[in-house]
Visitor: 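The structure's right below; bear with me while I get my questions together.
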Amino acid sequence: MALQLMKLLVTATTTTTVGPTPEKFFHVTTVETAAGSTLSIDTADFFNDAGAIATDLPALATDNSYFKVYINGVLQMEGISTYTPGATTIGSLGIDVPAGGDPILQGTPIVLEVVNYSPTSSTDVET
């Protein structure tokens, strides 16, 4: 018999599912925030989708999440907001109102959207 190369026959299939977990938080300003200043909104000043007072702003999963800020229904540029996850007195959203621009008026709705992705993978190996 001639020499042969012997090898294993293995096939593998990996299925990855990426499921977003969006959370939205709502706030209506109670005072005007002047241009050149910062509006700071504590966790407890937000309401969740169910209308209950928020108790915790979710942590952002490393390389698998994002947050967006809407002021009066308009998506804002990334550089004006600072997001800090956590419970009351720890978690907050800071919005720097650009100097020379318009203020954020009293009664303005602010929406914070936080999206974390939870990827899961499964691999089937057949020999």
Visitor: Any idea which heavy atoms bring T89 and D42 closest together, and the distance?
Guide: N-OD1, 2.9 Å

Visitor: Which heavy atom of I90 sits nearest a heavy atom of P85, and at what distance?
Guide: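 That would be CG2-O, 3.9 Å.
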
Visitor: Could you state the interatomic distance from OG1 (T38) to CD1 (I95), rounded to the nearest 0.5 Å?
Guide: 9.5 Å

Visitor: What's the shortest heavy-atom distance between G100 and A35, and which atoms?
Guide: N-CB, 4.1 Å

Visitor: Got a second to check how far T29's OG1 is from D45's CG, nearest 0.5 Å?
Guide: 11.5 Å

Visitor: Hydrophobic clustering (ILVMFWY, side-chain heavy atoms < 4.5 Å, transitive) - are I41 and Y83 grouped together?
Guide: yes

Visitor: State yes or no: do V125 and L8 share one hydrophobic cluster built from I, L, V, M, F, W and Y residues joined by side-chain heavy-atom distances below 4.5 Å, directly or via other members?
Guide: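 Yes: a chain of side-chain contacts under 4.5 Å links V125 to L8.
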
Visitor: May I ask you to test the Y66-Y117 pair for a side-chain heavy-atom distance under 4.5 Å?
Guide: yes

Visitor: Can you list the steps and then say if L57 with V114 is a side chain to side chain contact (heavy atoms under 4.5 Å, CB included)?
Guide: CA-CA 9 Å; L57 294 178; V114 179; 5.9 Å; no

Visitor: Enter the distance from D96:CG to M77:CE here, rounded to the nearest 0.5 Å.
Guide: 14.0 Å

Visitor: Examine distances only and state if a side-chain atom of E23 and a backbone atom of T21 form a donor-acceptor pair shorter than 3.5 Å.
Guide: no

Visitor: Nearest 0.5 Å, what's the CZ-CG distance between F46 and L112?
Guide: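 It is 5.0 Å, given to the nearest 0.5 Å.
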
Visitor: Check whether any side-chain heavy atom of P109 sits under 4.5 Å from a side-chain heavy atom of N72, and report yes or no.
Guide: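 Sidechains of N72 and P109: in contact.
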
Visitor: Rounded to the nearest 0.5 Å, what's the gap from OH on Y70 to CG on L75? Could you check?
Guide: 5.0 Å

Visitor: Ignoring hydrogens and geometry, is there a side-chain-to-backbone donor-acceptor pair from T43 to G86 under 3.5 Å?
Guide: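 Yes: the side chain of T43 pairs with the backbone of G86.
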
Visitor: Specify the closest pair of heavy atoms between S37 and A34, including all atoms of both residues, with the distance to one decimal.
Guide: OG-O, 2.5 Å

Visitor: Please name the pair of heavy atoms, one in V97 and one in P103, separated by the smallest distance, quoted to 0.1 Å.
Guide: CG1-CA, 4.3 Å

Visitor: Would a hydrophobic clustering, with Ile, Leu, Val, Met, Phe, Trp and Tyr connected at side-chain separations under 4.5 Å, put L105 with V31?
Guide: no

Visitor: State, with a plain yes or no, whether a side-chain heavy atom of D124 is found less than 4.5 Å away from one of E126.
Guide: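 No, too far: nothing below the 4.5 Å cut-off.
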
Visitor: Under 4.5 Å between any side-chain heavy atoms of F47 and I53, yes or no?
Guide: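 Contact flag for F47/I53 side chains = yes.
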
Visitor: Check the surroundings of atom CG in D49: do more than 12 heavy atoms from other residues, nucleotides or ligands lie under 6.0 Å from it?
Guide: yes

Visitor: For residues V115 and I110: do they belong to one hydrophobic cluster (side chain heavy atoms under 4.5 Å, members Ile, Leu, Val, Met, Phe, Trp, Tyr)?
Guide: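 Cluster IDs for V115 and I110 differ.
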
Visitor: Measuring from F25:CZ to D56:CG, what's the distance to the nearest 0.5 Å?
Guide: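 It is 7.5 Å, given to the nearest 0.5 Å.
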
Visitor: What pair of heavy atoms forms the shortest contact from P58 to N116, and how long is it?
Guide: CB-ND2, 4.3 Å

Visitor: Determine, using the 4.5 Å side-chain heavy-atom cutoff (strictly less than), whether I71 and V111 are members of one ILVMFWY cluster.
Guide: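 No; tracing contacts between hydrophobic side chains, which count when under 4.5 Å, never links both residues.
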
Visitor: For a side-chain contact (heavy atoms from CB on, under 4.5 Å) with S121, tell me which candidate from T14, T15, T17 qualifies.
Guide: T14

